[in-house]
Protein chains: 2
Amino acid sequence: MSSNEVARPARRAAKWSEPTDREAEVAARVGELHDIDFPAMAMVSNVYRVANAVRARVEREVLGVDSLSWTGFTALFVLWVWGPQETRHLAEECGVTKGTLTGVLTTLEKRGWVVRRPHADDGRLVVVSMTAAGRRVIRRVFPLFNRQESAVADALTGRERQELTRLLRKVLAHVEGEGSSAEAEA
Amino acid sequence: MSSNEVARPARRAAKWSEPTDREAEVAARVGELHDIDFPAMAMVSNVYRVANAVRARVEREVLGVDSLSWTGFTALFVLWVWGPQETRHLAEECGVTKGTLTGVLTTLEKRGWVVRRPHADDGRLVVVSMTAAGRRVIRRVFPLFNRQESAVADALTGRERQELTRLLRKVLAHVEGEGSSAEAEA
DNA sequence: CCAAGTTCGTTCGGTTCCAAACAGTAACGG
DNA sequence: CCGTTACTGTTTGGAACCGAACGAACTTGG
């Protein structure tokens, strides 16, 4: 390595239960600090690395074909499964703010995939519904999306999949506030 | 439920190894389609639900204090651990395109946290380095970030954490192209 | 009934995303 | 040496993100 070349993160892992080389290097370099919880760091960082990798791939290979954003897709999916939604609830389900969803829905409405109507009983509310065109899109796109999910799950055995799902459900419930002490302090 | 109220996704799970009520409802509603891989869907959807929840929380409680974006934080972290980086590599590590990183680095440079300099041997390249001010920020912010990671990991026992990490590493390697058949077709 | 407080969806300014285009630099091969 | 190909980081246009602000509608309590 010459004086002008820069260090690059390594990628290899000898065994899945052991830290990857990159994980080990991070630990070594961050070791100057105290009170770092390395197992937690490894666990959480791998969650969002997997999520990022899956999302990037799905966006590129499935959603991009219809110029569908992740959030747009999620919105269509929620409307498909649970029917018309109030904006605030739909925003919550998509994991974005109301302001963001407004923009996304404007795009989907322009494409004729959703419509927004005032709520019958409460003048503040807007109810979002999917159109027949929107239904056709999600019915076509979702199976393709799911096929990507299958390809991802192929990394593991059936038992491992179930175990991963079980652990993630536990973590999710915890993060969403059912037992989190950090949230109690807020 | 009156005619104007809309269906909302349920949240409860009886046991972590069993589908949550929301998962069961999705399966019921999507059942009209064929060839849906429900276990894979459960597994993958829980990965990005956890990732989203963690990210939203960390952004709100840690990164937002310094008006640091997720990508900005990741860039500082990579520079801190691995030293100066070429833009293309840094973009790769942050999981964004070079174009996006340009904008993020412009913001970080404005704050005096990074500097961009031409590479000594290759006029096309830019080398990104962290300043002393940037170092101070990441040394302060990272432990706070890690504390959130610990809080997340508290949902599981030590063995469960290790198992979750092991499974995620396997999935990640698979998704990143080491064995993926969907990638071979591209 | 009415003032004060709360909630709603939209707008706004700034930033982060993408893909595509671009100008500059480097590598390659005749 | 030079034309062609490949790679770089930045710019561009459009869309997705955030938090804050806003005006309209609703709720609450005296």
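These numbers come from a predicted model, not from an experiment. A note on names: the letters A, B, ... follow the listed sequences, proteins ahead of strands, and every chain is numbered from 1.
- We find that CG of Leu108(A) is positioned 13 Å from P of dT10(C), with the value rounded to whole Å.
- Within 4.0 Å of Gly64(B), counting heavy atoms only, lies no atom of the nucleic acid at all.
- The minimum heavy-atom distance linking Val175(A) with Ala53(B) is given by the pair CG1-CB, 3.6 Å.
- Of all nucleotides in DNA chain D having an atom under 4.0 Å from a heavy atom of chain A, the first and last in 5' to 3' order are dA16(D) to dC26(D).
- Computed from coordinates, the Glu59(B) CD to dT16(C) C1' distance equals 11 Å when rounded to whole Å.
- When each of dT25(C), dC18(C), dT10(C) is scored by its nearest atom to the side-chain atoms of Thr97(B), the top-ranked nucleotide is dC18(C).
- In this structure, Phe73(A) places its CZ atom 19 Å from C1' of dC17(C), rounding to the nearest Å.
- Annotation: of the two residues near DNA chain D, Asp122(A) and Thr87(B), the 5′-most nearest-nucleotide partner is Thr87(B).
- Toward the 5′ end of DNA chain C lies the nearest nucleotide of Leu125(A), the other residue of the pair Leu125(A) and Thr100(A) mapping further downstream.
- Straight-line distance from the NZ atom of Lys98(B) to the P atom of dG24(C): 16 Å, rounded to whole Å.
- Between Leu101(A) atom CG and dT10(C) atom P there is a gap of 8 Å when expressed in whole angstrom units.
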Can you list, pair by pair, the side-chain donor-acceptor contacts under 3.5 Å of residues 99-107 of chain B, counting residues two or more places apart and other chains?
{"unit_1": "Thr100(B)", "atom_1": "OG1", "unit_2": "Thr97(B)", "atom_2": "OG1", "d": "3.0"}
{"unit_1": "Thr102(B)", "atom_1": "OG1", "unit_2": "Lys98(B)", "atom_2": "O", "d": "3.1"}
{"unit_1": "Thr106(B)", "atom_1": "OG1", "unit_2": "Thr102(B)", "atom_2": "O", "d": "2.8"}
{"unit_1": "Thr106(B)", "atom_1": "OG1", "unit_2": "Arg116(B)", "atom_2": "NH2", "d": "3.1"}
{"unit_1": "Thr107(B)", "atom_1": "OG1", "unit_2": "Gly103(B)", "atom_2": "O", "d": "3.3"}

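- At a threshold of 4.0 angstrom between heavy atoms, the contacts of Gly72(B) with the nucleic acid are absent.
- No hydrogens or angles considered: nothing links the side chains of Glu93(A) and Trp82(A) as a donor-acceptor pair under 3.5 Å.
- Taking every side-chain heavy atom of Arg124(A) into account, dT6(C) is the closest of dT16(C), dT11(C), dT6(C).
- Applying the 4.0 Å criterion to OP1 and OP2 of dC17(C), one finds that Ser69(A) has every side-chain N and O outside that range.
- By the 30° and 60° cut-offs, the orientation of the rings of Phe142(B) relative to Phe73(B) is parallel.
- Screening Glu18(B), Glu163(B), Glu160(B) for a side chain to side chain donor-acceptor pair (under 3.5 Å) with Arg166(A), the sole residue that qualifies is Glu160(B).
- Listed for the Arg161(A) side chain is a donor-acceptor partner under 3.5 Å among the backbone atoms of Ala153(A).
- Per the geometry, CZ belonging to Arg117(A) stands 17 Å off C1' belonging to dG9(C), to the nearest Å.
- Atom CD of Glu109(B) is separated from atom P of dT16(C) by 13 Å (rounded to the nearest Å).
- Asn146(A) contributes no side-chain N or O that, together with a main-chain N or O of Glu149(A), makes up a donor-acceptor pair within less than 3.5 Å.
- Whole-Å rounding puts the Arg88(A) CZ to dT10(C) C1' distance at 16 Å.
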